[in-house]
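For reference, the structure is listed below as structure tokens.
First the proteins, then the strands, lettered A, B, ... as listed; each starts at 1.
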Amino acid sequence: MPERRNFIREIINDDLRTNKYGGRVHTRFPPEPNGYLHIGHAKSICLNFGLARDYHGLCNVRFDDTNPTKEESEYVESIQEDVRWLGFDWGDRLYYASDYFEKLHAFALALIEKGKAFVCDLNADQIREYRGTLTEPGRDSPYRDRTVEENFDLFNRMRKGEFPDGSRTLRAKIDMASPNLNMRDPVMYRILHATHHRTGDTWCIYPTYDWAHGQSDSLEQITHSICTLEFADHRPLYDWFLKELGIYRPQQIEFARLNMTYTVMSKRRLLELVEGGHVGGWDDPRMPTISGLRRRGYTPESIRTFADRIGVSRSESTVDVAVLEDCLRDDLNKRAPRVMAVLRPLKVVIENYPDGKVEELSAVNNPEDETMGKRTVPFSRVLYIEHDDFREDPPKKYFRLSPGAEVRLRYAYIIKCVGVVKDQQSGGVVELRCTYDPQTKSGSAENIRKVKGTIHWVSAAHATDAEVRLYDRLFNVSEPGGENWKDSINPSSLQILKGCKVEPGLASSKPQERFQFERLGYFCVDNDSSGEHIVFNRTVTLRDTWAKIEKS
RNA sequence: UGGGGUGUAGCCAAGUGGUAAGGCAGCGGCCUUUGGAGCCGCCAUUCCCAGGUUCGAAUCCUGGCACCCCAGCCA
């Protein structure tokens, strides 16, 4: 039996023990195609498909497309792409609630027949008034006691399109005094003269989610119908429908949805970020959407690991985004080829290195994985180093370059700073004059000297230019919320750097390729890249203990 | 003061009457040609609170408290 323990697996284990479903485990992921999937959906996807995988069961994908006014084919496409990208396969079991519209309609007829459903002429406002409140019972609709014949007739005419939107509904006849508001004669069908992305204009009445969902699970013979906490109150309703219909009953299990620090997760807010132009779109690398994370450079593996690590429970929680970042670093550390890139170039001239000489130095592609081999990087008299790797007045414990100080150039030589060239006007440092120690060539026998610091570099004559987009958290408070959640949007969540210098081998990199820029972080080639113009996204920085030291 | 849920470390989360796993974060140290990675160590005498049962309680019982969800013809 699976290693990972959580309350859902306990339930399944029990059901297997008691043979409740004949040893079957059949789950499903039921998104509404009204937006893009986000990391919270990823949790659900990993949960449902993971259960199916571990218990040798099945997991369906079913679009809950019961509201034609909000749903679009574009979302149907993106959702499938995202689930596949995450690494899951639904086989031939891709379903739509709209596939069941005819069956659902027949079920409704059956309830009318039993006297358990009725056509109600109350409008939305009136239904609300009749519903009562949290502490007071509701009142029966004046149309509640229509005859079966009258209900059949009216419901038929609703379907035929004889009535305008909102004028009538089909309601379940349950209990207007129930303390559970979901049981106060809930609406099953509403009139909506809208074109559905799949059924077109075949229907002008559409089932509500509450009416469609349980029966859809039943029709698919789902064993464990996993959903989020807010549907716990609906479970008695779903069970009531199934019981009255006398059909197969899946077990609904609710779990707590994912919240993450420094981000928002509701589709409504995500949509607002997109429409308000706060981000570039659903796949903006700062978005917590699957497509955004993908573009940012996240791997499916890291997201799956994340889902495993955070677990599943019924208590509401907010997971530190650092956990997600750790999963990513852990994955990329093992797989991403290392490469040198200078984001904010500072020119360095090695005075005692012959002009025109070029050495091809051997560099390891990934110290975590020898099988990734080595490459060669050109070294010459004029180089670029990171501006941040030089300080005129170095603070304590600063192991990098400063006047008179020595540092190792990774895979190359130890150099010493012997002069600083400044801009006449601004006084800013524009060039460093250095000397190198020929005895310190990496890998050579006479290379025995040690220095504290090692920095990355790139040969000026050989470097390729690139644009680099640095991303930071989208919000500057850990839990953006309330009415003014947009006030905490981080104004510097995107910083675009042009004129970055990267090692020549990167000139041929393709979109989505991932690298570690040594000492800086993990980067991936953005889709905006084109032959001449290479664009990198910073996926995540490396852990930076120096930054911590400097802060304190 | 209706109904449904949830309370274990800064954040997640195991634990199912036998004496508080693990991860992230944090803090020390070792190692290091990435201030990366890796390695070692520290980090809850106590589980929302108060009583009770028991040789023994985070687990069982009673009573409180706090927080979340529900009054869409959204899902």
(Q) Near RNA chain B, counting only heavy atoms under 4.0 Å, which residues of residues 258-265 of chain A show up? (A) none
**Q.** Summary of protein contacts for nucleotides 22-32 of chain B, nucleotide by nucleotide, where a base hit scores B, a sugar-phosphate-only hit scores S (4.0 Å, heavy atoms)
**A.** -SSSS------
Q. When syn is taken as a glycosidic angle within 90 degrees of 0, is B:G7 syn or anti?
A. anti
Q | For A:Pro186 against A:Ile174, the heavy-atom pair lying closest together | A | CD-CD1, 3.8 Å
Q. Which part of the nucleic acid, if any, lies within contact of A:Pro30, taking any heavy atom under 4.0 Å across all strands shown: a base, the sugar-phosphate backbone alone, or nothing?
A. nothing
Q.
Measuring from atom CG of A:Asn366 to atom CZ of A:Arg338, what distance do you get when rounded to the nearest 0.5 angstrom?
A. 4.0 Å
**Q.** Under-4.0 Å side-chain N/O to phosphate OP1/OP2 contact, A:Ser315 with B:C12
**A.** no
Q. With respect to the side chain of A:Phe231, which nucleotide from B:G36, B:A13, B:A75 is positioned closest?
A. B:A75
Q) With distance as the sole test, does A:Ser216 use its side chain to make a donor-acceptor pair with the main-chain N or O of A:Ala212 at under 3.5 Å? A) yes
Q) A:Ser402 and A:Arg391: side-chain hydrogen bond (donor to acceptor under 3.5 Å, both in side chains), yes or no, with the steps? A) CA-CA 5 Å; A:Ser402 58; A:Arg391 294 287 181 87; over 6 Å; no
**Q.** Counter-base of B:U59, judged by Watson-Crick or G-U geometry with both distances under 3.5 Å
**A.** none
Q: Could you give the distance separating B:C30 and B:G35 at their C1' atoms, to the nearest angstrom?
A: 15 Å
Q.
Pairing check on B:C67: which nucleotide meets the Watson-Crick or G-U wobble criteria with it, both distances under 3.5 Å?
A. B:G5
Q | Rounded distance in Å between the P positions of B:G28 and B:A57 | A | 38 Å
**Q.** Atom P, compared across B:G22 and B:C40: separation rounded to whole Å
**A.** 13 Å
Q) Is any side-chain N of the basic residue among A:Asp389 and A:Arg519 closer than 4.0 Å to the acidic one's carboxylate O? A) yes
Q) With no angle test and no hydrogens, is the base of B:G35 tied to the side chain of A:Arg400 by a donor-acceptor pair under 3.5 Å? A) yes
Q. Base, sugar-phosphate alone, or nothing: which one does A:Gln516 contact when heavy atoms must sit under 4.0 Å apart?
A. base
Q: Starting from the 5' end of RNA chain B, give me the residue, A:Phe399 or A:Asn6, whose nearest nucleotide shows up first.
A: A:Asn6
(Q) How many whole angstroms separate atom CD1 of A:Ile8 from atom C1' of B:A14? (A) 15 Å
Q | Sugar-phosphate, base or nothing in reach of A:Tyr398, heavy atoms under 4.0 Å | A | base
Every protein N/O within reach of nucleotides 69-74 of chain B N/O, cut-off under 3.5 Å:
from	atom 1	to	atom 2	distance (Å)
B:A71	O3'	A:Arg131	NH2	3.2
B:A71	O2'	A:Arg131	NE	3.2
B:G72	OP2	A:Arg128	NE	3.2
B:G72	OP2	A:Arg131	NH2	3.0
B:C73	OP1	A:Arg131	NH2	3.4
B:C73	OP2	A:Arg131	NH1	3.2
B:C73	N3	A:Gly166	O	3.4
B:C73	N4	A:Leu122	O	2.9
B:C73	N4	A:Ala124	N	3.0
B:C73	N4	A:Gly166	O	2.9
B:C74	OP2	A:Arg190	NE	3.1
B:C74	OP2	A:Arg190	NH2	2.7
B:C74	O3'	A:Arg190	NH2	3.3
B:C74	O2'	A:Asn67	ND2	3.3

(Q) Work out how far the C1' atom of B:U34 is from that of B:G26, and round it to whole angstrom. (A) 23 Å
Q: Would you give the length of the straight line joining atom CZ of A:Arg410 to atom NE2 of A:His456, rounded to the nearest 0.5 angstrom?
A: 11.5 Å
Q: Remember a base hit wins even if backbone is also touched, and classify A:Gly35 as base, sugar-phosphate or nothing at under 4.0 Å, heavy atoms.
A: nothing
Q | Residues which pass side chain to side chain contact (heavy atoms under 4.5 Å, CB included) with A:Asp308, listed by chain and number, not counting sequence neighbours | A | none
Q.
Using the P atom as the point on both nucleotides, what is the distance between B:C73 and B:C67, in whole Å?
A. 29 Å
Q | Distance in angstrom units between A:Asp544 CG and B:G35 P, rounded | A | 9 Å
Q: Between B:C70 and B:C74, how far apart are the C1' atoms? Round to whole Å, please.
A: 14 Å
(Q) Output the rounded distance in Å from CD1 (A:Ile385) to P (B:U34). (A) 17 Å
Q.
Rounded to whole Å, please give me the gap between CZ in A:Arg335 and C1' in B:G36.
A. 18 Å
(Q) Around atom CD of A:Glu370, are there more than 12 heavy atoms from other residues, nucleotides or ligands closer than 6.0 Å? (A) no
Q. Separation of A:Phe517 atom CZ from B:U34 atom P, in whole Å?
A. 19 Å
Q) Is the backbone of A:Trp546 close enough, under 3.5 Å, to the side chain of A:Asp544 for a donor and an acceptor to pair up by distance? A) yes
Q.
Heavy atoms only, 4.0 Å cut-off, all strands: where does A:Leu520 land among base, sugar-phosphate and nothing?
A. nothing
Q: Answer yes or no: is there a donor N or O on one side and an acceptor on the other, between the side chain of A:Thr133 and the main chain of A:Glu136, under 3.5 Å?
A: yes
Q. Over how many whole Å does the gap from A:Tyr75 atom OH to B:A75 atom C1' extend?
A. 15 Å
Q: Kindly indicate, with the supporting measurements, whether the criterion side-chain hydrogen bond (donor to acceptor under 3.5 Å, both in side chains) is fulfilled by A:Ser225 and A:Asp217.
A: CA-CA 7 Å; A:Ser225 171; A:Asp217 280 342; 2.7 Å; yes
Q. Is any side-chain N or O of A:Arg314 under 3.5 Å from a base N or O of B:U6, one able to act as donor and the other as acceptor?
A. no
Q) Paired with B:G26: which nucleotide, if any, by Watson-Crick or G-U wobble criteria at under 3.5 Å for both distances? A) B:C42
**Q.** Distance, rounded to the nearest Å, where A:Arg235 contributes CZ and B:A75 contributes P
**A.** 20 Å
Q.
On the nucleotide B:A13, are OP1 or OP2 found under 4.0 Å from the side-chain N or O atoms that A:Ser313 carries?
A. yes
Q: Calculate the interatomic distance between A:Met372 atom CE and B:U34 atom P; express it in whole Å.
A: 17 Å
(Q) Within the 4.0 Å heavy-atom criterion, would you say A:Thr69 contacts the bases, only the backbone, or no part of the nucleic acid? (A) nothing
Q) Side chains of A:Ser178 and A:Asn180: donor-acceptor distance under 3.5 Å anywhere? A) no
Q. Which sits closer to the 5' end of RNA chain B, A:Thr545 or A:Glu10, going by the nucleotide each is nearest to?
A. A:Glu10
Q: Rounded to whole angstrom, note down the P distance from B:G17 over to B:G51.
A: 25 Å
Q. In chain order, what residues pass the side-chain hydrogen bond (donor to acceptor under 3.5 Å, both in side chains) check against A:Glu10, with sequence neighbours excluded?
A. A:Arg5
(Q) A quick test of your reading: do over 12 heavy atoms of other residues, nucleotides or ligands sit less than 6.0 Å from CZ of A:Arg257? (A) no
Q: Could you give the distance separating B:U53 and B:U62 at their P atoms, to the nearest angstrom?
A: 15 Å
Q. Applying a 3.5 Å limit to both distances, which nucleotide forms a Watson-Crick or G-U wobble pair with B:U16?
A. none
Q. How would you list, by chain and number, every residue that makes a side-chain hydrogen bond (donor to acceptor under 3.5 Å, both in side chains) with A:Tyr206, sequence neighbours excluded?
A. none
